[in-house]
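Comments concern the structure below.
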Amino acid sequence: MADLKSTFLKVYSTLKSELLEDPAFEWTDESRQWVERMLDYNVPGGKLNRGLSVIDSYKLLKEGKELTEDEIFLASALGWCIEWLQAYFLVLDDIMDNSHTRRGQPCWFRVPKVGLIAANDGILLRNHVPRILRNHFRNKPYYVDLLDLFNEVEFQTASGQMIDLITTLEGEKDLSKYTLSLHRRIVQYKTAYYSFYLSVACALVMSGENLDKHIDVKNILVEMGVYFQVQDDYLDCFGDPETIGKIGTDIEDFKCSWLVVKALELSNEEQKKVLYENYGKPDPANVTKVKALYKELDLQVVFAEYESKSYQKLTASIEAHPSKAVQSVLKSFLGKIYKRQK
């Protein structure tokens with residue numbers, strides 16, 4: 001895996017060099033330095049799971065056949081397109097949420113002299129994706145399918161972000177809107193398509209598969225994405241900040257979290273009152289009351305039941321898939337997230 005990661009990072013350097021020499025633009029030293037610094041700050045700093053999953057998935061689809069250097073490069077380039085897309089979402093997301101840190105460093109727009117230039121940098125990051133695809137896939141029979149896939153997933157993610165943002169509008173905080181179906185819709189569109197489906201879809205397209213014939217794979221990966229987000233919501237409250245690397249703020253931020261939706265479902269009138277009075281307030285005393293209520297309602301047990309049911313259901317759906325290679329891709333994804341602690 002470490003070897004795969006170093007190969008993957010080498011491909012980043014190649015793609016970056018090409019983008020910094022893009023013939024469609026007249027570069028100056030200043031503009032080149034800006035874009036290089038912006039890329040290095042925002043693109044390769046995460047866990048790179050989404051990008052590396054393209055190579056993993058493609059390997060599994062090839063059922064043990066040794067990949068050529070060209071195949072590794074192309075799968076890596078697609079992986080980086082997902083990481084670029086992720087960087088674009090995060091740069092803009094941080095501005096919208098007025099966040100302070102990302103991946104252990106200040107958000108890009110908070111870096112001195114960057115400010116709202118970050119909005120344009122986000123647009124540039126988004127535009128780099130089709131440039132990379134054009135440079136390396138234009139002569140492939142599946143080129144249009146790739147463009148289509150990235151456009152589709154970007155639209156779904158932006159639409160999911162929109163539902164999330166309009167649900168938590170300042171001054172219109174209304175807990176009664178929070179239901180499991182709303183939670184699911186936000187997660188499905190905002191996270192599941194680009195974080196789970198996109199990596200596997202890229203590998204399938206590269207293997208010459210028609211995505212229209214793999215709707216069941218998409219559905220399984222979306223379910224997995226929902227399960228992943230429920231874990232995230234759970235860890236935000238009950239995870240160890242040392243392990244997960246951040247202090248959760250879903251309660252303060254009035255997020256439509258799986259925990260609050262479950263709490264609303266299970267509460268009696270008096271408990272509901274506690275939620276309505278304390279949820280979405282920044283004061284630690286309010287947060288403590290909400291957490292105490294979660295414990296009173298046994299949400300840790302409710303989550304453990306949800307986790308084991310989801311795992312059984314996902315495993316059954318995966319095993320029903322006719323292709324052993326596709327099964328191994330999906331099982332590898334599920335294995336990475338089941339019972340995770342961070």
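Not measured: the values here are computed from a predicted model.
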Could you check whether any side-chain N or O of [X] sits under 3.5 Å from a backbone N or O of [Y], counting only pairs where one atom can act as donor and the other as acceptor?
X: Q327; Y: H321; answer: yes
X: D97; Y: S99; answer: no
X: K140; Y: H136; answer: no
X: W27; Y: D22; answer: yes

Worked check of salt bridge (charged side-chain N to carboxylate O under 4.0 Å, His left out) between K255 and D232: CA-CA 12 Å; K255 282 287 180 210; D232 230 39; over 6 Å; no
With respect to Y194, which candidate in F89, F150, F155 satisfies the ring-ring contact (aromatic ring centres under 6.0 Å, His included) definition?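 For Y194, the ring-ring contact (aromatic ring centres under 6.0 Å, His included) test succeeds with only one of F89, F150, F155, which is F89.
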Does the side chain to side chain contact (heavy atoms under 4.5 Å, CB included) test come out yes or no for L149 and D145, once each step is laid out? CA-CA 6 Å; L149 172 66; D145 295 333; over 6 Å; no
Do L314 and F333 have side chains that get closer than 4.5 Å, going by heavy atoms? no
Less than 3.5 Å apart, which donor and acceptor atoms pair up between the side chains of residues 38-55 and the rest of the protein, not counting sequence neighbours?
unit_1	atom_1	unit_2	atom_2	d
D40	OD1	Y12	OH	2.7
D40	OD1	K16	NZ	3.0
D40	OD2	K16	NZ	3.1
Y41	OH	P106	O	2.6
N42	ND2	M38	O	2.9
R50	NE	S195	OG	3.0
R50	NH2	S195	OG	2.9
S53	OG	N49	O	2.6

Classify the ring geometry between Y189 and Y193 as parallel (under 30°), tilted (30 to 60°) or perpendicular (over 60°).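 Ring orientation of Y189 relative to Y193: tilted.
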Can you classify the ring geometry of W84 versus H128 as parallel (below 30°), tilted (30 to 60°) or perpendicular (above 60°)? perpendicular
Within 6.0 Å of CG in L116, more than 12 heavy atoms from elsewhere: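 No.
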Please evaluate residues V205 and F137 with respect to the criterion side chain to side chain contact (heavy atoms under 4.5 Å, CB included), reporting the C-alpha separation (whole Å), side-chain torsions for both, the decisive distance (0.1 Å), and the verdict. CA-CA 12 Å; V205 168; F137 296 91; over 6 Å; no
Looking only at heavy atoms, which two atoms of E252 and P282 are closest? And how far apart?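 In this case the closest contact between E252 and P282 is CG-CA, 4.0 Å.
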Do you know which two heavy atoms are closest between S257 and D250, and how far apart they sit? CB-OD2, 4.2 Å
Classify the side-chain pair D233/Q229 by whether it contains a donor and acceptor separated by less than 3.5 Å. yes
Would you please test K273 and E270 for salt bridge (charged side-chain N to carboxylate O under 4.0 Å, His left out) and show each step? CA-CA 5 Å; K273 204 169 158 223; E270 209 156 294; over 6 Å; no
Side-chain polar contacts of residues 300-308 - donor-acceptor pairs under 3.5 angstrom, sequence neighbours left out - could you list them?
unit_1	atom_1	unit_2	atom_2	d
E307	OE2	Y227	OH	2.7
E307	OE2	Q231	NE2	3.1
E307	OE2	K339	N	3.3

Test ring pair (Phe, Tyr, Trp, His ring centres under 6.0 Å) on Y178 and F254; report intermediate values, then the result. CA-CA 10 Å; Y178 285 2; F254 198 72; 5.2 Å; yes
Cluster question for you: counting only ILVMFWY and a side-chain heavy-atom cut-off of under 4.5 Å, with indirect links fine, are M96 and I186 together?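 In one cluster: yes.
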